[in-house]
Engineer: 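First, the structure itself, so that you have it in front of you.
Values below: all heavy atoms of this structure, side chains included; hydrogens, waters and symmetry mates excluded.
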Amino acid sequence: MSAPTETTYLVWYCKRPRCGKACKIQPPGIEPECRCENPVPGLRPTRVTQMHAEKPRPLQALSDEEGRLRALARNNKRVLVTYEAQIAEAWTSTGRDGLKHVQFIVTTPDGRRHAIDPALPGLHIEAAPAATEESPR
Ligand SMILES: [Zn+2]
């Protein structure tokens, strides 16, 4: 686990009436709040120290599955991405080619819904093997 780090910024506040927001920040890293077209930065910057609480990173024992996936990523392998889902909704809509194409909303076993456009290049949809449909959840 790493200790929290802090960064000190120099902040110039805008002198325009009814603004007074930060308009210049050094070093870059925070978005200035001032939205004036011509900000008038004050002469002297204010020192602002920001703490960055680092998220404790849990020690991760690499599972076989995670190792396998990382090996794929390292080697830039060609991969086949598949997942099983239940078709929740289907309809047709007119595509750019002027023809009607079927669209799907599917539900994955975790209950999440995903919009699927079968016209996406390389996407292939097929019926899941019957055995998995009948398996108890
Ligand atoms: Zn301003």
Engineer: Could you tell me if the side chain of D117 sits less than 4.5 Å from the side chain of F104, heavy atoms only?
Structural biologist: no

Engineer: Taking the side chain as C-beta and beyond, is there a heavy-atom pair between K21 and R35 under 4.5 Å?
Structural biologist: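 No, too far: nothing below the 4.5 Å cut-off.
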
Engineer: From R18 CZ over to C36 SG, what is the distance, rounded to the nearest 0.5 angstrom?
Structural biologist: 10.0 Å

Engineer: Which value, rounded to the nearest 0.5 Å, describes the distance between C23 atom SG and N38 atom CG?
Structural biologist: 11.0 Å

Engineer: How long is the span from the CD1 atom in I25 to the CG atom in L10, to the nearest 0.5 Å?
Structural biologist: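 So the gap between those two atoms works out to 10.5 Å.
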
Engineer: Flag yes if more than 12 heavy atoms outside D64 fall under 6.0 Å of its CG atom; otherwise flag no.
Structural biologist: no

Engineer: What I'd like to find out is whether the side chain of Q26 reaches to under 4.5 Å of the side chain of W12, using heavy atoms alone.
Structural biologist: yes

Engineer: Using the rule given for ring pair (Phe, Tyr, Trp, His ring centres under 6.0 Å), can you reason through H114 versus Y83, listing the C-alpha separation, both sets of side-chain angles and the distance that settles it, and then say yes or no?
Structural biologist: CA-CA 11 Å; H114 307 264; Y83 66 90; 5.7 Å; yes

Engineer: Is the shortest side-chain heavy-atom distance between P118 and I125 below 4.5 Å?
Structural biologist: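 Yes, side chains in contact.
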
Engineer: Hey, could you give me the CD/OH distance between Q50 and Y9, rounded to the nearest 0.5 Å?
Structural biologist: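 The distance works out to 5.5 Å.
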
Engineer: Between the side chains of S93 and H101, is a donor N or O closer than 3.5 angstrom to an acceptor N or O?
Structural biologist: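 Note: S93 and H101 side chains miss the donor-acceptor criterion.
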
Engineer: Working to the nearest 0.5 angstrom, can you tell me the gap between K77 NZ and L69 CG?
Structural biologist: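 So the NZ of K77 and the CG of L69 are separated by 13.5 Å.
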
Engineer: Do I105 and W91 have side chains that get closer than 4.5 Å, going by heavy atoms?
Structural biologist: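 Yes, their side chains come closer than 4.5 Å.
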
Engineer: Rounded to the nearest 0.5 Å, how far does CD1 of I116 lie from CD of Q103?
Structural biologist: 10.0 Å

Engineer: For a 4.5 angstrom cut-off between non-hydrogen side-chain atoms, does E33 reach E31?
Structural biologist: no

